[in-house]
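Here the structure comes first, spelled out in structure tokens, and everything after it is commentary.
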Amino acid sequence: MSGSTLRSGGGTAWKSRCVDSGDGYFTLATEDTGTVPVRLFLTPRLLEDVEDSIYPQVVTATRFPGVRLVVITPDVHHGYGVPVGCAILTDVDAGAIALGPVGFDIGCGMCSLSSAVPAGAATPERRMAFNRAVMRRVRLGAGERGVSRLARIDRAEFERLVRGGAEYYTERYGTRLDRARAERQRIPVDEGWQLPSGRADRGMAQLGSLGGGNHFIELQRSAQSGTLFVQVHTGSRGFGHGLAEMYFQVARAERPAEIQSLDEAWFAADSPRRADYLNAVAAAGNYAIINRLVIAEELAAAFREVFTAELELVYEISHNLVQREWHPDFGEVHVHRKGATRAFPAGHPGLDGTQWATTGHPVLIPGSNRDQSYILRPRNSAKSAYTVNHGAGRRMSRTAARKQLDQRQIDDEYRRQGIVVNLDGRVPIDEAGPAYKSSREVVEAVTRAGLATVEHELWPLASLKGTR
DNA sequence: ATGTTC
């Protein structure tokens, strides 16, 4: 990794090296990427629009030891070390486990719920009432704590939760939700791995809280069924962040000359700490899944209060994890997904014994809070390493959005469209629609490549986001 | 993403 200089880095020259495969993606092979195949699932227009600064990040993605394939998703944008919107496959025996390609928010992901309520029931008054009912039950914003009973558990119970995952949570707390619709029932954590002391406290207090940034809750209308859906985007809060920080320090201590920041950090196959980090990812992944289920339960209660009807779980899935999977070209590999969603089609061994074995599992793709979100079904997704995008992707940095977008104009636009934002109608400006790419254009890149088909287009009716 | 620059 160290001393890796880019012989053709900088500028737009790299784009002319991208070769259309004719199968929905470009391949990129340069002196910098070496022998590692790189596939970019972009339309020509998305390729033209993408920031040049992702090129050195794609190169970084190819340079961890034992990388077999790098996949770039159509929502790609500049990230921490490697792009947000990529999958990196590494050899399970000889390959690295990298930290940047998982990110700080380990286990971050989506949960979608559906109802049989016709969307006409969501009058402007009820959209606001839904936001109010949710805000009594779920705290929004960085640093906020949970208000559900799960936020008042003791240390021993917290440890049982992060080891036992959705399975333990459901057995112990008896949620009405069908936990079989979570991507992972329990990500195994080795008995011998100790939960680092001092890393649990924040996580304990924050269970059931949403967080800030691009995390959100949304009431939606399905264009296909005409009924109301609710969607949540959240992760492992301070718990996963604390573990990511801690294991970055561990990785840096092993290779101080090479590793200065989390985006450069990785564990070699022979590092005794590689397994420790994988256990931390498992614990934070379990936490994030439980957090989404706890919030989903609160959303169902809020929905019941406002619409006197039930919400059912559609699916729950992460887009920031490293997991061991089977891939036809490589066998068993570690798949790092950073802002990228797993997409197993019918027949994948990872779905054996689940209700998705003959259909593939649903894939949850949020758009901005002005644009449609999607529920997709994986089809011919082996060529993208069973990976699709995780959202629309940013097209403006937060700083650029704050500088270029007019608060009043944005708020007026949402109001005209009937999208109720928080309680005051003030759209967090760096999260506003224009700061994101078109979700339709990004999803078209996925469907044209044959990776998945569209099952639901979900249009925002009410949006909740932390303001700090 | 984040006790939002330990």
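Each chain gets a letter, A, B and so on, in the order its sequence line appears, and its residues count up from 1. Quick caveat: nothing in here was measured; it's all calculated off a predicted structure. Note that these values count all heavy atoms, side chains included, but never hydrogens, waters or copies made by symmetry.
Pairs engaging residues 422-432 of chain A under the salt bridge (charged side-chain N to carboxylate O under 4.0 Å, His left out) rule: Arg394(A)-Glu431(A), Arg398(A)-Asp430(A), Arg398(A)-Glu431(A), Arg402(A)-Asp430(A), Glu431(A)-Lys465(A) [sequence neighbours left out].
The CD1 atom of Ile106(A) sits 15 Å away from the P atom of dA1(B) (whole-angstrom rounding). With rounding to whole Å, Arg237(A) atom CZ is found 11 Å from dA1(B) atom P. Rounded to an integer number of Å, the gap from Leu262(A) CG to dA1(B) C1' is 11 Å. Between the P atom of dT2(B) and the CG atom of Leu243(A) lies a distance of 14 Å, rounded to the nearest Å. What separates CG of Asp430(A) from P of dT4(B) is a distance of 16 Å, to the nearest Å. Distance, Asp201(A) CG to dT2(B) C1': 16 Å, rounded to whole Å. Asn214(A) has its CG atom 3 Å from the P atom of dA1(B), to the nearest Å. With rounding to whole Å, Tyr80(A) atom OH is found 13 Å from dA1(B) atom P.
The only option from Phe248(A), Tyr247(A), Tyr287(A), Phe104(A) that meets the ring-ring contact (aromatic ring centres under 6.0 Å, His included) definition with His241(A) turns out to be Phe104(A).
Note: His390(A) and His319(A) have perpendicular aromatic rings, judged against thresholds of 30 and 60 degrees for the angle between ring planes.
Take the nearest nucleotide of DNA chain B for Glu245(A) and for Leu210(A): the residue whose nucleotide is more 5' is Leu210(A). Annotation: of the two residues near DNA chain B, Gly213(A) and Ala142(A), the 5′-most nearest-nucleotide partner is Gly213(A).
Contact between the side-chain N/O atoms of Gln249(A) and the OP1/OP2 oxygens of dC6(B) is not found at any separation under 4.0 Å.
Within 4.0 Å of Gly240(A), counting heavy atoms only, lies no atom of the nucleic acid at all. When heavy atoms are screened at a 4.0 angstrom cut-off, Arg145(A) is found touching no nucleic acid atom at all.
Residue Arg136(A) places its CZ atom among more than 12 non-hydrogen atoms of other residues, nucleotides or ligands, all under 6.0 Å distant.
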